[in-house]
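A quick note: this is a predicted structure, and the numbers were derived from the prediction, not measured.
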Amino acid sequence: MVSWQPSGLSNSCVASANEYPHDHQATSDKLLGGAMLFVAAFVFIYYTIWALLLPFISSDSSIHTLFPPREWAIKLPLLLLLSGITAVGLFFTKVMFSEARKKAAKGGKKV
């Protein structure tokens, strides 16, 4: 691809794509995405070792001190799942009520 450049301008005078502000946003999005991926991979590996591999390691091993008691391997995901379902349900309820109020205000009905 041939790029056109006005005569008299050197390559140092032409703005590169990295000098625009929207590209900084893309960089910060990539950093955030990379950090989120790292955290997700760490949590997955930690939980896998905790829930699946730790039962096969001798209980007098020092590696057991790095992990909470095993019953939390079931309680914690269950708590997170219930919290997530509750949050989604509350959000859905809020949206439904706000839409009903808008519709009622438009039609003159009271909700």
Side-chain angles (χ1 to χ4, degrees):
M1 183 174 190
V2 177
S3 63
W4 179 81
Q5 184 176 350
S7 61
L9 290 177
S10 67
N11 284 340
S12 63
C13 294
V14 177
S16 69
N18 292 331
E19 293 179 10
Y20 293 108
H22 58 81
D23 288 332
H24 295 294
Q25 182 67 32
T27 303
S28 67
D29 286 348
K30 287 179 183 177
L31 288 174
L32 180 62
M36 290 171 62
L37 182 63
F38 176 77
V39 168
F42 176 78
V43 168
F44 175 76
I45 292 169
Y46 184 86
Y47 184 79
T48 301
I49 292 171
W50 180 29
L52 299 178
L53 298 179
L54 211 57
F56 299 109
I57 299 174
S58 174
S59 60
D60 58 346
S61 175
S62 63
I63 197 168
H64 283 276
T65 60
L66 300 174
F67 298 94
R70 289 213 50 236
E71 65 263 8
W72 284 100
I74 300 298
K75 290 180 182 179
L76 188 62
L78 185 62
L79 180 66
L80 290 172
L81 180 67
L82 290 174
S83 299
I85 289 171
T86 301
V88 168
L90 288 173
F91 177 75
F92 182 73
T93 303
K94 178 186 172 202
V95 168
M96 293 301 291
F97 276 126
S98 67
E99 289 297 319
R101 283 189 190 136
K102 286 179 187 177
K103 195 179 275 189
K106 198 176 207 182
K109 298 178 183 176
K110 189 171 185 174
V111 175

Single-linkage hydrophobic cluster [X]~[Y], side-chain heavy atoms < 4.5 angstrom:
{"X": "Leu31", "Y": "Met36", "result": "no"}
{"X": "Leu53", "Y": "Ile63", "result": "yes"}
{"X": "Leu82", "Y": "Ile74", "result": "no"}
{"X": "Phe67", "Y": "Ile45", "result": "yes"}
{"X": "Ile49", "Y": "Phe44", "result": "yes"}

Can you tell me how far CG of Leu66 sits from CG of Leu54, rounded to the nearest 0.5 angstrom?
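The CG atom of Leu54 sits 9.0 Å away from the CG atom of Leu66.
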Straight-line distance of Leu80 CG to Leu76 CG, nearest 0.5 Å:
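Going from the CG atom of Leu80 to the CG atom of Leu76 covers 5.0 Å.
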Restricting to pairs with a member in residues 63-77, which pass side-chain hydrogen bond (donor to acceptor under 3.5 Å, both in side chains), not counting sequence neighbours?
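For residues 63-77, and leaving out neighbouring residues, there are no side-chain hydrogen bond (donor to acceptor under 3.5 Å, both in side chains) pairs at all.
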Sequence neighbours excluded - side-chain hydrogen bond (donor to acceptor under 3.5 Å, both in side chains) pairs with any residue from residues 45-61
Ser58-Asp60
